[in-house]
Amino acid sequence: VIRPLLCVSKGDILRFCEEAGLRPRHDETNDVPDCLRNSVRLELMPVLREYNPGIIQHLSGLADDMASISDMLHDMSDDVMRRGYDGHLMSIGCLNEASEPVKSEVIRQMFRHAAGTSDGLSRTHIRAIIRLANRAQTGEALDLPHGMIAHVSYGMLSIGPPVDEN
């Protein structure tokens, strides 16, 4: 999700529109705290501003930092995927060379590739898969959401549907 105006205040946007001769549209549903996003903006943020008038700038800076960290994490996990994943099997040795956050992202990518989504894959699942890979015991498997399994075989980790061995 790209939010290019996250660091720009509503007042700044309205002034820009006025100077440019633009008439911005107003969505009245944004004025009612009936969903979490609106409640945070309309009720929580004003209270936080009382405690810290610079909270918006601080949160905006934090969001920028987190976006950069997320980009770096994706680049690092893509590198592990290029080096150790063939579209079905991941080299456990290659995976185990990575830091925990990179391992987690690699596992999310493998699951998404196998299941078509990462919905339902929790941090608990990811940690269990990392433990499974660390043990590297051929034949060990772990049930995952969407009928997927994580399976270890001869130094390789797979995530996918169960394989019928008949």
Side-chain angles (χ1 to χ4, degrees), residues 1-7 27 29-30 32-45 47-48 51-52 55-166:
V1 176
I2 298 173
R3 302 204 187 274
L5 297 178
L6 190 60
C7 61
D27 182 353
T29 63
N30 288 326
V32 182
D34 61 349
C35 65
L36 182 60
R37 176 180 53 86
N38 289 353
S39 292
V40 167
R41 185 172 30 77
L42 296 171
E43 298 171 344
L44 179 61
M45 292 310 295
V47 172
L48 291 176
Y51 288 96
N52 181 350
I55 190 73
I56 301 298
Q57 291 79 13
H58 293 297
L59 291 175
S60 179
L62 181 60
D64 289 343
D65 291 347
M66 293 309 299
S68 295
I69 290 168
S70 178
D71 290 344
M72 182 178 66
L73 179 63
H74 285 99
D75 290 346
M76 294 169 80
S77 63
D78 287 348
D79 180 59
V80 172
M81 294 290 281
R82 274 191 298 279
R83 290 186 294 112
Y85 187 62
D86 69 2
H88 177 68
L89 298 171
M90 168 58 72
S91 161
I92 290 174
C94 188
L95 181 66
N96 284 340
E97 291 173 0
S99 66
E100 292 294 307
V102 173
K103 286 180 192 179
S104 296
E105 183 57 29
V106 166
I107 289 166
R108 269 188 214 90
Q109 287 184 33
M110 290 176 66
F111 185 85
R112 195 176 306 115
H113 181 261
T117 181
S118 58
D119 291 347
L121 185 69
S122 69
R123 292 181 68 194
T124 301
H125 292 117
I126 292 169
R127 285 190 207 113
I129 296 167
I130 290 171
R131 285 192 302 273
L132 182 78
N134 288 339
R135 287 191 302 273
Q137 293 292 318
T138 292
E140 271 196 290
L142 179 67
D143 291 328
L144 299 171
H146 302 288
M148 300 289 114
I149 63 164
H151 183 261
V152 172
S153 182
Y154 302 103
M156 303 300 281
L157 173 68
S158 66
I159 297 178
V163 176
D164 186 7
E165 295 182 18
N166 291 333

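Scope of the values below: all heavy atoms of this structure, side chains included, with no hydrogens, waters or symmetry mates. When a residue number appears, it is its place in the shown sequence, counting from 1.
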Rounded to the nearest 0.5 Å, how far apart are CD1 of Ile56 and OG of Ser60?
8.5 Å
Which heavy atom in Ile126 sits nearest to a heavy atom in Ser104, and how many Å separate them?
CG2-OG, 3.5 Å
Min side-chain heavy-atom separation Leu121-Met148 under 4.5 Å
no
Can you tell me if Ser70 uses its side chain to pair, donor with acceptor, with the backbone of Met66 under 3.5 Å?
no
Taking CZ in Arg135 as the centre, count heavy atoms belonging to other residues, nucleotides or ligands within less than 6.0 Å. Is the count above 12?
yes
Give a yes-or-no answer on whether the side chains of Arg131 and Asn134 include a donor-acceptor pair shorter than 3.5 Å.
no
Testing the basics here: between Ala128 and Leu142, what is the closest heavy-atom pair and its distance to 0.1 Å?
CB-CD2, 3.5 Å
Side-chain heavy-atom pair Met90, Ile107 within 4.5 angstrom cut-off
no
Measuring from Met45:CE to Ile55:CD1, what's the distance to the nearest 0.5 Å?
5.5 Å
Decide whether Ser77 and His74 meet the rule of one side-chain donor and one side-chain acceptor closer than 3.5 Å.
no
Just so I know, are the side chains of Arg83 and Asp79 near enough to count as touching, which here means a heavy-atom distance under 4.5 Å?
yes
Compare every heavy atom of Gly120 with every heavy atom of Pro145, then report the nearest pair and how far apart it is.
CG-O, 3.1 Å
Side-chain touch Asn38/Glu43, heavy atoms, less than 4.5 angstrom:
no
Whether His113 and Tyr85 hold their rings parallel, tilted or perpendicular, with breakpoints at 30° and 60°:
perpendicular
Can you see which heavy atom on Pro33 is nearest to which on Ser39, and at what distance?
O-OG, 3.1 Å
Just by distance, do the side chain of Thr138 and the backbone of Tyr154 share a donor-acceptor pair under 3.5 Å?
yes
For residues Val80 and Glu105, determine if any side-chain heavy atom of one lies less than 4.5 Å from a side-chain heavy atom of the other.
no
Gap separating the CG atom of Asp119 from the CZ atom of Arg112, nearest 0.5 angstrom
9.5 Å
So NE2 of His151 and OG of Ser158: to nearest 0.5 Å the spacing works out to 6.5 Å
Leu48 CG to His58 NE2 distance, which is reported to the nearest 0.5 Å:
12.0 Å
Which atom names give the shortest non-hydrogen contact between Ala150 and Ile129, and what distance separates them?
CB-CG1, 4.1 Å
Kindly compute the distance separating NZ (Lys103) from CD (Glu97), expressed to the nearest 0.5 Å.
10.0 Å
Apply the test side chain to side chain contact (heavy atoms under 4.5 Å, CB included) to residues Glu100 and Arg127: give CA-CA distance (whole Å), side-chain angles for both, the deciding distance (0.1 Å), then the verdict.
CA-CA 9 Å; Glu100 292 294 307; Arg127 285 190 207 113; over 6 Å; no
Would you say Gln137 and Val152 make side-chain contact, with heavy atoms under 4.5 Å?
no
Whether the side chain of Ser122 engages the backbone of His125 through a donor-acceptor N/O pair (distance < 3.5 Å, no angle test) should be reported.
yes
Taking side chain as C-beta onward, heavy atoms only, is Leu89 less than 4.5 Å from Leu157?
no
Do Arg37 and Asn30 come within less than 4.5 Å of each other through their side chains, counting heavy atoms only?
yes
